[in-house]
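Let me begin by presenting the structure, written as structure tokens, before commenting on it.
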Amino acid sequence: MSHKSKKSKMRQMRPVPLVSNGGNMINFKEEIAKMIGKAINLDTNELETFIEKPKDIKNGDYAFPCFRLAKELKKAPPQIANEIKEKIEVNEEFIGKVEVLGGYLNFYVNQKLLVEEVLCNIEQNEESTKPKIGEGKNIIIDYSAPNIAKPFHIGHLRSTVIGGALYNIYKYLGYNITGINYLGDYGTQFGKLIEGYKLWGDEYDIEKEPINELTKIYIRINQECKENESILNACRDNFKKLEEGDVYCRQIWEKFKNLSLKEFQKVYDLLGSKFDSWNGESFYSDKMGEVLEILEKSGKLIESQGAKIIDLEEQGINTPCIIEKSNGSSTYATRDLAAILYRSRTYNFDKALYVTSYEQVLHFKQVFEVAKLLGIEEKYIKGLKHIPFGMVLLPTGKMSTREGNIIKLEELLNEAIKRAGDIIEKKNPMLENKEEVAKKVGIGAVIFNDLANSRVKDEIFDWNQILNFQGETGPYIQYTYVRTKSVLEKAGNLPNIDEINKEKLLDEYAIAILKLIYEFEDILIQVTNKEEPSILARYLIDLAKAYSSFYNENKIITDDKELQNARVYLTYGVSEILKTGANLLGIEMPEKM
Ligand code: ARG
């Protein structure tokens with residue numbers, strides 16, 4: 001494999017991090033599959049899906065398990081492995097050696113080639129080699145979606161952070177992605193709030209502290225509703241009026257909405273979140289009639305205790321989907337159905353992702369099932385995907401707005417920044433731009449903590465853990481990045497790739513890093529296959545750890561210039577990937593800390 005188009009000019013380090021194998025790197029898996037395919041006359045593509053990565057690196061870089069072939073060939077897996085090994089013509093350009101271990105064939109890649117491949121890719125990482133795997137595909141992602149007049153709490157943080165990471169990664173892979181903030185700006189709770197505001201509005205200063213004050217009203221009116229049926233009915237009536245366009249109700253509602261949005265924006269500014277569309281629930285208020293009509297025509301809409309529902313028993317869902325309440329009001333489900341109809345017509349999506357807590361699993365099951373009755377193309381139905389995540393637990397248990405037992409996200413983020421600032425003050429009081437760094441570290445710690453574990457797991461929020469610079473945390477990744485930066489600074493100009501002696505990077509620590517860099521794009525693809533940003537978060541920890549070992553075991557700045565150049569170049573590669581990867585998760589990197 002020749003590496004054409006190498007630029008041989010000396011150049012400064014590039015300021016923009018762009019690392020990608022752009023699909024240009026040798027695909028070792030494919031090469032192995034080809035060799036096996038030739039030996040046993042089987043389809044290469046299928047064989048490639050068999051190939052795995054051994055858990056223990058001592059057992060090679062790739063393994064081909066022979067268990068699946070055992071039935072077909074009526075032989076024991078170790079025997080098959082040995083037979084393949086006999087027949088296989090090892091292409092030494094790609095593979096250093098092949099060994100049999102039990103029912104596995106283990107492949108060791110040609111390390112020199114690996115070094116060359118990875119280095120050239122670090123070197124070539126320009127716009128033209130950015131991945132194109134997503135080209136021509138449309139993805140929409142519905143995330144964040146806080147509720148107007150309620151606090152933007154730590155539960156919404158997860159949706160914002162997970163959704164934001166997925167958004168960035170899809171985009172990086174070349175997909176056309178649209179991020180939608182489906183604001184909870186509609187629903188019966190507004191009937192309650194309007195009633196509370198009518199009753200006690202002048203007791204609360206909602207201009208000054210809108211969400212705090214509205215929350216108080218909300219808690220109070222809920223209490224009142226529990227005790228007084230007629231108040232509850234008045235609340236329901238208000239929402240109905242709001243839907244019918246009653247001027248007074250709409251005015252109050254709009255006021256709540258504008259004040260809330262201003263507050264939410266403070267959180268988005270801290271997190272760096274941006275959205276392409278802000279069409280929230282109310283956007284669909286005039287689009288539900290059509291849904292009702294279609295469902296009516298389908299013959300599946302039935303009356304039950306005055307409400308209109310779709311029974312889903314046959315589909316294995318025990319709870320029916322309520323489309324219209326007995327008082328004629330729409331529901332959360334109806335609005336989501338209207339949104340599906342609209343989005344199928346507007347975005348021609350291949351996938352529509354909904355990032356919410358797992359408490360909404362049933363809701364999305366119902367809605368996706370009923371969506372089949374809307375008469376939209378099959379491909380849209382197939383593309384609907386709920387991406388549930390676990391709860392953030394406090395030592396005191398679950399959070400709920402109604403009980404007032406919540407942590408406000410803005411306060412939490414500011415607390416993180418403050419704590420990061422305190423740590424910096426202790427560790428590095430002379431640091432420039434301390435405030436800016438504290439912000440990156442504090443926010444980065446919170447974001448990373450949210451993404452570090454598989455998303456369906458519940459998470460307990462623990463300050464000491466998330467800000468631990470030595471642990472598996474955001475600050476640890478930032479700290480490692482800063483370390484690469486200081487190595488690069490010490491080394492001066494980045495060496496020219498043509499002058500690098502690849503033999504100098506064959507030690508186990510360098511190889512471990514090179515293998516990780518080689519995998520970067522594959523990791524991103526795995527993230528999109530499973531909608532699981534934790535795969536990237538784990539990867540960054542692995543890379544940071546691999547670099548720390550490399551750094552501790554190897555002298556980088558040394559009298560042996562050849563050795564130094566090679567190691568500096570590798571450091572540059574790590575630096576770029578750490579930055580690109582962290583940015584994809586929504587984490588900003590300080591240059592010093
Ligand atoms: N506002 C909702 C909540 O806070 C989340 C909305 C999720 N998106 C959707 N299309 N239903 O629970």
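The figures here come from the full heavy-atom set of this structure, side chains too, leaving out hydrogens, waters and symmetry mates. One-based numbering, in listed order, for ligands and for the atoms of each.
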- Query: Looking only at atom types and distance, does a side-chain atom of Trp200 sit under 3.5 Å from a main-chain N or O of Arg220, one as donor and one as acceptor?
  - Reply: no
- Query: Would you say Asp336 and ligand 1 have an N/O pair spaced under 3.5 Å apart?
  - Reply: yes
Check for me whether Gln360 has a heavy atom closer than 4.0 Å to any atom of ligand 1. yes
Residues Asp269 and Gln265: side-chain donor-acceptor under 3.5 angstrom: yes
Lys385 NZ: over 12 foreign heavy atoms closer than 6.0 Å: yes
For Tyr354, the ligand 1 atoms with a heavy-atom partner under 4.0 Å come out as 10 (N)
Give a yes-or-no answer on whether the side chains of Lys192 and Asn222 include a donor-acceptor pair shorter than 3.5 Å. yes
Could you go through Phe256 and Tyr197, starting from their C-alpha distance and side-chain angles, then the distance that decides it, and tell me whether this counts as ring pair (Phe, Tyr, Trp, His ring centres under 6.0 Å)?
CA-CA 10 Å; Phe256 293 166; Tyr197 186 74; 5.6 Å; yes
Q. Is ligand 1 less than 4.0 angstrom away from at least one heavy atom of Phe364?
A. yes
of all protein heavy atoms, closest to atom 9 (C) of ligand 1 is Tyr182 CD2, 3.3 Å
*State if Arg335 counts as touching ligand 1 under the rule of any non-hydrogen atom under 4.0 Å.*
no
Partner of Glu281 under salt bridge (Lys or Arg N to Asp or Glu O under 4.0 Å), picked from Lys257, Lys287, Arg335, is Arg335
So the atoms of ligand 1 within less than 4.0 Å of a heavy atom of Tyr332 turn out to be 2 (C), 5 (C), 6 (C), 7 (C), 9 (C), 11 (N)
Exercise. N/O to N/O below 3.5 Å, does that happen between Ala145 and ligand 1?
Worked result: yes
Handout entry: Tyr347 side chain to Asn176 side chain, donor-acceptor N/O pair below 3.5 angstrom
Key = no
Under 4.0 Å from one or more heavy atoms of Asn147, ligand 1 contributes atoms 1 (N), 2 (C), 3 (C), 4 (O)
If we number the atoms of ligand 1 from 1 as shown, the ones under 4.0 Å from a heavy atom of Asp142 are 7 (C), 8 (N), 9 (C), 10 (N)
Within 45° cone of Tyr182 ring axis and under 6.0 Å: Arg343 NZ or CZ
yes
Atoms of ligand 1 under 4.0 Å from any heavy atom of Thr356, numbered from 1 in the order shown, are 7 (C)
